[in-house]
Amino acid sequence: MRDSTLDILFEPLEMSNITFKNRFFMAPIGTTYNFQQLTDYMVARAQGEVAFITTGVTRVHPSGSAHGSDEPSLDKDSDIEVHIPMVKAVQKAGAKIIAQLNHAGRYSFGRYTGRQSVAPSPIASRYTGETPRELTTQETDELVMAFAEAALRARKAGFDGVELCACSGYLISEFLSAVTNKREDKYGGDVLQRAHFLLSILRETRNLVGDDFNICVKFDGEDGMKGGKTLEDSLILAPMIVEAGADRLHIWAGWHEAIRPMLPMSVPRGAFSYLSAAIKEVVDVPVSTVGRINDPYVAAGILAKGEADLIGVARPVLCDPDFVKKTMEGRTREIRRCTACCYCFDQIMKLLMYGDKEAELKCSINPELGREGENLVQPASRKKKIIVVGGGPAGTEAARVAALRGHDVTLYEKNDTLGGMIKLAAVPPHKEELNNITDYYTAQMEILPVEVKLNEVFTIEKAAAEKPDAVVLATGAVELVPDIPGIRKEHVVIALDVLRGDASVGENVVVIGGGMIGVETAEYLAMQGKKVAVVEMLKSVANDVGPSMRWGLLARLHKMVKVVTLTKVIEVKDNAVVVVDQDDNQTEIPADTVVVAAGLKAQKDLCTVMDQSGIEYYEIGCCSEPGQIAEAVADAFAVGCKL
């Protein structure tokens with residue numbers, strides 16, 4: 001039964017030209033999918049009971065492409081027919097669908113599109129590394145009509161409404177900001193004059209589509225840019241946007257170039273609802289909030305406090321398409337909650353920043369994302385007895401999929417709880433969201449017919465007694481210990497033992513190794529007041545951390561930790577480490593404790609035994625090859641599907 005606290009999320013929202021069945025919507029997020037993939041992906045979320053889906057950015061003009069001509073567009077009449085099958089499929093699946101209309105402006109990557117980007121003024125972008133061409137007044141007039149005409153095409157394609165993308169640093173928001181709008185014509189000037197472009201688009205759009213078609217504007221409550229649009233500016237603009245024709249407002253928190261984090265797990269849940277709350281005070285139309293809302297109770301709290309009327313979820317429904325449905329049915333414990341690891345954004349960045357045409361939108365813990373139409377988890381043709389060894393994310397994912405397919409599954413875990421190394425990964429500051437993974441798989445192991453044997457070590461004798469058809473090894477990895485003189489001294493400890501709480505750590509700490517484990521352990525110790533230095537042989541640290549999270553981690557790290565790169569530890573003394581830099585200069589760094597974080601190696605102990613047993617077996621996750629959570633889960637899912 002659903003907790004009554006959550007009932008507020010399922011109250012319908014009635015407007016003059018549209019009604020939403022509940023207060024959840026899928027917020028816009030860019031993909032790399034073709035139209036069939038996109039349709040399957042959206043249908044899965046519609047079946048998951050979101051009230052409506054707002055598409056990713058849809059181009060309104062050829063000059064507005066972000067990275068290439070293959071992006072969804074409504075910039076010509078022939079695009080109408082292309083969208084109709086997707087629109088009908090989403091609506092048939094139970095959700096309304098809104099087209100987000102956009103022009104990338106100076107966020108268009110000329111090196112991929114083959115043309116120079118355009119913008120209000122020729123101000124270089126740190127995001128693209130390119131300088132745009134300034135639009136003429138006539139060109140800007142034409143773009144006003146391009147938005148309006150694209151909205152009309154959306155209506156003809158059957159969309160239930162449109163959303164104007166006036167956020168995140170794209171063209172409309174560039175006009176709104178004093179940082180990027182230095183114009184002296186009718187489209188530039190003070191805060192009101194800079195809004196002329198957006199207000200003109202709204203008026204022309206309303207003229208073309210009529211009053212019975214829903215129009216939303218998504219804009220940044222504050223854009224997070226030095227000298228940019230502030231919340232005070234937005235409070236002035238919001239009533240004008242409504243007066244010009246907006247039925248709804250969707251409030252976001254900043255540009256791609258903004259210096260404050262908005263996406264990683266270091267950002268608190270529901271961090272940006274204060275912006276929608278402020279906007280609600282000055283308008284009388286529904287206002288949406290979005291950003292770091294991966295928990296239904298957080299969403300319900302925002303509505304209960306009157307901070308928003310609608311809750312946008314993007315990454316949460318990438319991670320679990322049934323996020324809303326499970327909430328509605330009172331199955332919140334079964335939700336595969338987003339960890340805000342930003343793996344999804346990192347994949348898109350591979351395309352945008354590095355031109356990787358093979359990159360596609362993926363989720364670290366939902367291997368079916370983008371493959372919804374493939375129906376990958378099929379009933380097994382023959383029921384088998386499967387043993388899974390290891391209760392980390394790889395082992396529990398393999399067990400989950402195998403059980404869903406109808407196999408008889410037993411999972412062995414030598415510790416007293418599931419989670420494996422995820423439990424340690426969640427210990428450093430700002431990593432608590434990783435506990436979502438353990439919570440999800442623990443619940444799945446209880447719900448599904450999986451026999452879980454905790455505190456039990458798997459042996460070949462047990463395999464011989466149980467006679468499994470196949471064994472899946474997910475035994476993880478152990479830390480490497482480099483061969484350095486003095487490395488076995490008593491004050492040398494392993495990073496994972498530090499995170500377990502099994503190691504005593506002094507006041508002066510040297511961490512050997514600047515990978516993710518090393519720097520996160522360093523931050524963990526620095527937060528305790530320790531004086532910490534990280535020594536790394538490469539020219540930079542945290543190279544195995546995705547770009548969406550890395551910059552924030554490094555910003556925090558450099559404030560409290562000494563980072564020494566292009567340097568090697570050559571000896572551990574009783575109270576110091578001896579290091580040598582690339583010029584062969586030797587120095588000593590004081591160290592009461594030395595923490596080893598020199599990487600991981602696969603745990604292969606059972607492989608030799610299994611080779612001799614004659615039993616079919618598979619290695620997955622870190623015991624196959626140490627890597628990211630996403631790789632371990634994807635590996636496990638693939639094995640689970642073929643057992």
Side-chain angles (χ1 to χ4, degrees), residues 1-13 18-29 31 38-55 86 88-98 160 269-270 288-290 292-304 308-339 344 363 365-377 397 400-401 403-404 436-437 439-448 637:
M1 181 179 295
R2 184 173 75 219
D3 186 335
S4 61
T5 304
L6 303 177
D7 289 348
I8 193 172
L9 295 166
F10 298 96
E11 296 175 358
L13 179 65
I18 202 167
T19 297
F20 298 128
K21 64 183 180 182
N22 62 51
R23 301 306 178 97
F24 280 117
F25 70 99
M26 182 175 179
I29 188 168
T31 77
L38 196 60
T39 300
D40 295 336
Y41 151 87
M42 289 189 178
V43 164
R45 276 81 198 159
Q47 291 171 338
E49 297 293 348
V50 292
F52 65 97
I53 292 172
T54 305
T55 70
M86 179 182 73
K88 287 183 175 179
V90 170
Q91 292 167 337
K92 184 179 179 181
K96 298 186 184 302
I97 181 167
I98 309 296
D160 296 290
R269 294 178 181 178
S288 307
T289 189
V290 69
R292 287 292 286 116
I293 304 172
N294 66 347
D295 187 310
Y297 287 94
V298 172
I302 290 170
L303 295 184
D309 303 292
L310 289 161
I311 302 293
V313 283
R315 289 182 291 172
V317 293
L318 295 188
C319 194
D320 192 337
D322 291 327
F323 177 95
V324 177
K325 184 177 182 180
K326 289 174 180 177
T327 302
M328 183 175 68
E329 295 174 351
R331 297 188 291 132
T332 54
R333 189 163 176 260
E334 297 178 39
I335 293 172
R336 181 168 49 200
R337 279 184 289 143
C338 171
T339 65
C344 50
C363 173
I365 53 177
N366 177 13
E368 293 178 271
L369 177 62
R371 306 180 69 186
E372 290 81 2
E374 298 179 42
N375 298 312
L376 295 169
V377 181
E397 174 67 5
R400 180 188 77 88
V401 177
L404 285 174
N436 298 347
I437 301 174
D439 293 344
Y440 169 70
Y441 283 120
T442 299
Q444 289 298 303
M445 294 304 99
E446 294 173 4
I447 294 164
L448 294 169
F637 179 82

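No hydrogens, no waters, no symmetry mates; every other heavy atom, side chains included, goes into these values.
- Applying the side chain to side chain contact (heavy atoms under 4.5 Å, CB included) criterion to A95, with sequence neighbours excluded, gives A46, V50, V90.
- Listed by chain and number, the residues in a side chain to side chain contact (heavy atoms under 4.5 Å, CB included) with C363 are C319, I365, N366, L369 (sequence neighbours excluded).
- Shortest non-hydrogen contact noted between D160 and I18 is O-CD1, 3.6 Å.
- To the nearest 0.5 Å, the span separating OG1 on T327 from CD on E334 amounts to 10.5 Å.
- By the 30° and 60° cut-offs, the orientation of the rings of F323 relative to F24 is perpendicular.
- Between R45 and P321, the closest heavy-atom pair is NH2-CG, 3.5 Å.
- The closest side-chain heavy-atom distance from D322 to E329 is not below 4.5 Å.
- In this structure the side chain of R333 never reaches within 4.5 angstrom of the side chain of K326, judged on heavy atoms.
- In this structure, OG1 on T289 lies 6.0 Å from CD1 on I311, to the nearest 0.5 angstrom.
- Minimum interatomic distance between P28 and T55 (heavy atoms only, all atoms of both residues): CB-O, 3.0 Å.
- A heavy-atom distance below 4.5 Å is found between the side chains of Y441 and E397.
- Listed by chain and number, the residues in a side chain to side chain contact (heavy atoms under 4.5 Å, CB included) with D40 are Q36, E372 (sequence neighbours excluded).
- Across all non-hydrogen atoms, the minimal contact from C338 to P316 is CB-CA, 4.0 Å.
- Taking 4.5 Å as the limit, some side-chain heavy atom of M26 sits within range of a side-chain heavy atom of L318.
- Atom CG of L13 sits about 6.5 Å away from atom CG of D309, to the nearest 0.5 Å.
- In this structure, M86 CE and Q91 CD are separated by 10.0 Å, a value rounded to the nearest 0.5 Å.
- Every residue meeting the side chain to side chain contact (heavy atoms under 4.5 Å, CB included) condition with A51, not counting sequence neighbours, appears here in chain and number order: F20, K21, N22.
- For the pair F25/K96, no side-chain contact is recorded, criterion being any heavy-atom separation below 4.5 Å from C-beta on.
- Here the closest non-hydrogen pair linking I302 and G270 is CD1-CA, 4.4 Å.
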Using atom types as modelled, flag every donor-acceptor pair under 3.5 Å from a side chain in residues 4-11 to any protein atom, sequence neighbours excluded.
{"unit_1": "T5", "atom_1": "OG1", "unit_2": "D3", "atom_2": "OD1", "d": "3.0"}
{"unit_1": "D7", "atom_1": "OD1", "unit_2": "R2", "atom_2": "NE", "d": "2.9"}
{"unit_1": "D7", "atom_1": "OD1", "unit_2": "R2", "atom_2": "NH2", "d": "3.0"}

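- Legend: residues meeting side-chain hydrogen bond (donor to acceptor under 3.5 Å, both in side chains) with E368, ordered by chain and number and at least two apart, are absent.
- Rounding to the nearest 0.5 angstrom, the gap separating the CD1 atom in I335 from the CG atom in D295 is 7.5 Å.
- Distance check: N294 CG to R315 CZ gives 8.5 Å after rounding to the nearest 0.5 Å.
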